[in-house]
Amino acid sequence: MEDVLESLHQPSSPQNPTTCPDNRIPYLVRKCIALLQNCASSKFKLKQIHAFSIRHGIPLTNLDMGKHLIYAAVSLSVPMNYAHNIFTNIQSPNVFTWNTMIRGYAESENPKPAIELYNHMELKPDTHTFPFLLKAVSKVVNVRAGEKIHSHVTKNGFESLLFVQNSLLHMYAACGRYESAYNIFEFMPEKDIVAWNSVINGFALNGKPNEALTLYKKMVSEGVEPDGFTMVSLLSACAELAALALGRRAYVYMVKVGLNTNLHSSNALLDLYAKCGTISEAHKIFDEMGTRRNAVSWTSLIVGLAVNGFGKEALDHFKEMEREELVPSEITFVGVLYACSHCGMVNEGFHYFRRMKEEYEIVPIMEHHGCMVDLLGRAGLVKEAYEYIQDMPLQPNAVIWRTLLGACTIHGHLGLGAFARAQLLHLEPKESGDYVLLSNLYASEQRWSDVHEVRRRMLNEGVRKTPGHSLVELGNQVHEFVMGDKTHPQSKAIYEMLVEIAKKLRLAGYVPQTANVLADIEEEEKESALFYHSEKIAIAFMLVNTLPGTPIRIIKNLRVCADCHLAIKLISKVFEREIVVRDCSRFHHFRDGYCSCKDYW
DNA sequence: TTAGGGTTAG
């Protein structure tokens, strides 16, 4: 390539390169451009052409030359400062060049300058400008900028274009405004597969999995055929609800239409199985993927193993991932450190934390520090955890202090617990979970007047306890139960089953763990309050409705309390059922009277 | 020479 370029123009002497005579520029530029058009496959060629231009004095400020260099750089994902330098030197760039710059930033790791560029755009934007720009807005999650751009779309008369509508729809969904996204969707005269996927994903992303599933069914009933993108959204909605049966049906469909070879869909499926606690199935998908696996597949499995309590296996897979020379991401390390903290592997945790920084040059994010605080705190090194927080390069957030408070509650460290609580009160004063944690800390020390004080403050501040709820899937339906739930049509049978459970557990030696109830109410009242926790109701419901030996899977929005944990261990033994509980931070696999967390959670 | 949608943590 360089030879071709060199032959176009011979400098007068190699030691003393001359600038290109003006009359040769158009010819050289044309040749360069022809070559640039074929260069979208190699950064190396781009560099050579750039060097050639400099050597022979072809000005990069020449619009024809500059815009192609920018286009090539953006297509090759060359860091944006390269394109930016050329761009700032071009005299009067055209719309294509502005668009290419906006696109480049939108696709880069730092999309914010795309919006700033648009604000300084000296030309009228065209139909290409807005999709690029909205992509940037979606990535920086700036709904106010998005709304402003929406009004510009309208002003420019582009609102009726399908592409632009889809961009707007996606922008609102990505910014958490799933209702605005749905509004756009509803009024679209023509809805293609991208529109359906975007609106379904908007719900799946924003904690509305049921709405996502409903729309999916509507899409299928209207004869629109799902593709790989649809499957990803569907499967992630299923994962949130732990709708395993539905996810399995989706897999059957994927195999039927050949989508099981789609990398993203397979990854989403793998994640679904991991999130349902069915690690063996996750493994099966992972094995089936073979060489198609990428870093996301490995990360999903590693995180899945870690949260399911298989810390050692998670680390083994990490080592294998390294052997296969896949580059772990910061999320991979969240999984690795999580595995260490939840399995009490303190030394390993520090080992991997160091390697992450030194070998992979990953700057620790808050989540990594959270794992480290948890690693120390769980292992009973509460003071060391506090010292770690003090030495952290980042300003500790509420999650960090909550982790410390949790460790203080488990290991009974009143002084530090109260201190962590004070920080939390400052950062997130209305978080009911923190009141509960503090109250549990006092209750475990029988300091009932302090427990009372916490409760009084909660009432005064108008903080309501987040109601606990549990989800179970039966047949094709997900059932939800809240504490003391009596609204279910099968309520009578459920409560009869609860009485039977109570009877059998007593015989097995069960003593209710009442210390964690948020008040010094009478013992008997406490017992009944515990017995109506949503997870126990959900278990009773499943015992009524499933055949002996069927595993029971439960998703809980809060942490499992000590009493439920003990009771479920015994239920798994007495009723001979495998019970998997996914709480807000991890999995518990109960079997034959034991839990996979080894009572360390 | 330019346009829209995807998975992993929290």
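To find a chain, count down the sequence lines: A is the first, B the second, and so on, and within it residues start at 1.
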So [X], base contact, sugar-phosphate only, or nothing? Heavy-atom distance under 4.0 Å.
X	value
V303(A)	sugar-phosphate
T332(A)	nothing
N201(A)	sugar-phosphate
S300(A)	sugar-phosphate
S233(A)	nothing
N262(A)	base
L162(A)	base
S167(A)	sugar-phosphate
L205(A)	sugar-phosphate
H170(A)	sugar-phosphate
I193(A)	base

Please report, rounded to the nearest Å, how far the [atom2] atom of [N] is from the [atom1] atom of [X].
X	N	atom1	atom2	result
L272(A)	dT8(B)	CG	P	11 Å
K275(A)	dT8(B)	NZ	P	5 Å
L301(A)	dT7(B)	CG	C1'	14 Å
L169(A)	dG6(B)	CG	P	11 Å
R293(A)	dT7(B)	CZ	P	21 Å
E240(A)	dG10(B)	CD	P	13 Å
F132(A)	dA3(B)	CZ	P	5 Å
N206(A)	dG6(B)	CG	P	12 Å

With respect to the side chain of [X], which nucleotide from [options] is positioned closest?
X	options	answer
V296(A)	dT2(B), dA9(B), dT7(B)	dT7(B)
V334(A)	dA3(B), dA9(B), dT2(B)	dA9(B)
F96(A)	dG10(B), dG6(B), dT1(B)	dT1(B)
T127(A)	dT1(B), dT7(B), dA3(B)	dA3(B)
N267(A)	dT7(B), dG6(B), dA3(B)	dT7(B)

Is K135(A) near enough to dG6(B) that one of its side-chain N or O atoms lies under 4.0 angstrom from OP1 or OP2?
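Result: no.
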Are Y118(A) and W98(A) an aromatic pair, judged by ring center distance below 6.0 Å?
no
Taking E222(A) first and then K191(A), would you say they form a salt bridge - that is, a charged N and a carboxylate O separated by under 4.0 Å?
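No salt bridge links E222(A) with K191(A).
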Should the ring pair F96(A) and Y71(A) be called parallel, tilted or perpendicular, given that the plane angle runs from 0 to 90° and is split at 30 and 60?
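It falls in the tilted class, 30° to 60°.
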Mind checking ring pair (Phe, Tyr, Trp, His ring centres under 6.0 Å) for Y105(A) and listing every partner two or more places apart, or none if nothing turns up?
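Per chain and number, Y105(A) pairs via ring pair (Phe, Tyr, Trp, His ring centres under 6.0 Å) with no residue.
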Test ring pair (Phe, Tyr, Trp, His ring centres under 6.0 Å) applied to Y253(A) - qualifying residues, sequence neighbours left out
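Here no residue qualifies.
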Identified ring-ring contact (aromatic ring centres under 6.0 Å, His included) partner of Y352(A) from the options Y360(A), F318(A), Y338(A), F333(A):
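Output: one option passes, namely F318(A).
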Using the six-membered ring for Trp and the full ring for Phe, Tyr or His, decide whether H128(A) stacks on the six-membered base ring of dT2(B) (centres under 5.5 Å, planes under 30°).
yes
